[in-house]
Amino acid sequence: MFAALRGEVKLAGRSCGECKFTGACDSLARVDGLLQAREPGPWTRSVSASDLEAYERCPAQWYMEREVHLPRVEEGNQALLRGLAVHRWIAHAHARGVPCSIADLPNPADLGRLATVAGGIIDPADYELAYPFLRSHLETCPLRAGQVGSLTAEKTIYAYDGVADAVIATKADSYWLAGDTLVMREIKTVQVQPEVDDDQIFSTFLAVAWDLVALEAGLSRHHGADHGEVQLEVLSPDSAVVHTYTTRDAALMRMARGRVRRLARQWLSDQQWNPLPGPGCSRCSVRRWCGVRDEYESSVGSRVTLGAASGSSPAIP
């Protein structure tokens, strides 16, 4: 503790973006060029894939939630609660270093045993939502393969892009070494397994492109690997599908870099964070702080009124 107080212990984290020593700190992996920027932003910032997704939806919402941390009003829903419970249970199970099994999954109706599920960190009601998805995971648990080295679950890797002067936060649901390859796995839950191919999944989830570029830019090398691989495990109540992508695919990497570049360059240079009114405004967790929070709904209402007055169908936004 005293070593930490004296500044002798370096702990990488999101607050590294506020540190003047960031560029020379050896606790951060080096991923120069990850954001595909030509020059640094106006000041050192921290960013993750979820930051860029939030920024794409609405720069103002990203700024209020993640930069100045205004109080939020969260509206929970079953999909959110289910996803959180799935991630918590899998992280807890993988920390044991043994494959997940049906014996680890008590029936939700067996309330007497639920206090032991994931060390009691999951609410029984949330576990009931997650249960069928967790059963699907058993067949695709990475520890079943027998070729997984030391698996790390739900740990954020902090790195530094010296070109963009940005602290990079990458949090895969798990990662491990498989020979000379660093594998990162992301998990998503869906009610119905989508009938899509790997390309469509890649286009849907920014995390895949982000992880690939991070691996190529230096995370693979930082962990002693020559290559990187990203797996996206899609869980539904009755099946699990793992989509796999590799940094050895040159065409795929060009697309991944392009996707990160498009979002990151705009985010890096933005100093206005203007709102983007849209359907999501009604569910925004910081809408009470936004001066245009009702603009989208008002515009839709006006179009409906005009359509009704003219006898025509209202325009679809």
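Keep in mind that the numbers below use all heavy atoms, side chains included, and drop hydrogens, waters and symmetry copies.
Ring-plane geometry between Trp62 and Trp273 is classed as tilted, the angle between the planes lying from 30 to 60 degrees on a 0 to 90 degree scale. In this structure, His223 and Tyr175 have perpendicular ring planes: the angle between them is above 60°, well past the 30° mark.
There is no path of hydrophobic side-chain contacts, each under 4.5 Å, that joins Val190 to Val241. Tracing side-chain contacts under 4.5 Å through hydrophobic residues (I, L, V, M, F, W, Y), one never reaches Val192 starting from Ile187; they form parts of separate clusters.
A 4.5 Å side-chain heavy-atom check between Glu53 and Ser48 finds every atom pair outside the cut-off. Side-chain contact between Trp289 and Pro71: present, with at least one pair of heavy atoms (C-beta onward) separated by less than 4.5 Å. When side chains are defined from C-beta on, Thr204 does not count as touching Lys188, because their heavy atoms never get closer than 4.5 Å. Using a 4.5 Å heavy-atom cutoff, the side chains of Ile168 and Trp210 are in contact. Two residues are said to be in side-chain contact when any heavy atoms from C-beta on lie closer than 4.5 Å; Thr170 and Leu219 meet this criterion. Looking at Val98 and Leu143, their side chains never come closer than 4.5 Å, going by heavy atoms from C-beta outward. Here the side chains of Arg135 and Ile102 are in contact, with some heavy-atom distance below 4.5 Å. Side-chain contact between Arg185 and Val242 is present, with at least one heavy-atom pair separated by less than 4.5 Å.
Tyr127 places no side-chain N or O within 3.5 Å of a backbone atom of Trp89 that could act as its donor or acceptor partner. Looking at Asp126, its side chain never comes within 3.5 Å of a backbone N or O of Ala85 through a donor-acceptor pair. The closest donor-acceptor contact from the side chain of Asp161 to the backbone of Leu34 lies under 3.5 Å. A distance-only check finds a donor-acceptor pair linking the side chain of Arg259 to the backbone of Phe202 [under 3.5 Å].
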>> Checking Gln193 against Ser239 for the side-chain hydrogen bond (donor to acceptor under 3.5 Å, both in side chains) test, could you report, in this order, the C-alpha distance in whole Å, the side-chain angles of both residues, the deciding distance, and whether it holds?
In response: CA-CA 7 Å; Gln193 198 68 240; Ser239 65; 3.1 Å; yes
>> Show, in sequence, the C-alpha distance, side-chain angles and deciding distance for Asp270 and Tyr63, and conclude whether the side-chain hydrogen bond (donor to acceptor under 3.5 Å, both in side chains) test is met.
In response: CA-CA 10 Å; Asp270 194 353; Tyr63 179 76; over 6 Å; no
>> Determine whether Glu154 and Ile90 satisfy the following criterion, side-chain contact (heavy atoms from CB on, under 4.5 Å), listing intermediate values before the conclusion.
In response: CA-CA 9 Å; Glu154 295 287 345; Ile90 291 177; over 6 Å; no
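The two residues Asp198 and Thr244 make their nearest non-hydrogen contact at OD2-O, 4.2 Å. Across all non-hydrogen atoms, the minimal contact from Ser46 to Asp51 is O-OD2, 4.1 Å. Nearest heavy-atom pair across Glu56 and Leu276 is O-CD1, 3.9 Å. Summarising the geometry of Pro108 relative to Glu128, their closest heavy-atom pair is CB-CG, 3.9 Å, with the distance given to 0.1 Å.
Within 6.0 Å of CD on Gln266 lie no more than 12 heavy atoms contributed by other residues, nucleotides or ligands.
Classification of Arg221 and Asp32 as a salt-bridged pair fails, no side-chain N sitting under 4.0 Å from a carboxylate O.
Screening Met64, Arg288, Glu65 for a side chain to side chain contact (heavy atoms under 4.5 Å, CB included) with Leu70, the sole residue that qualifies is Met64.
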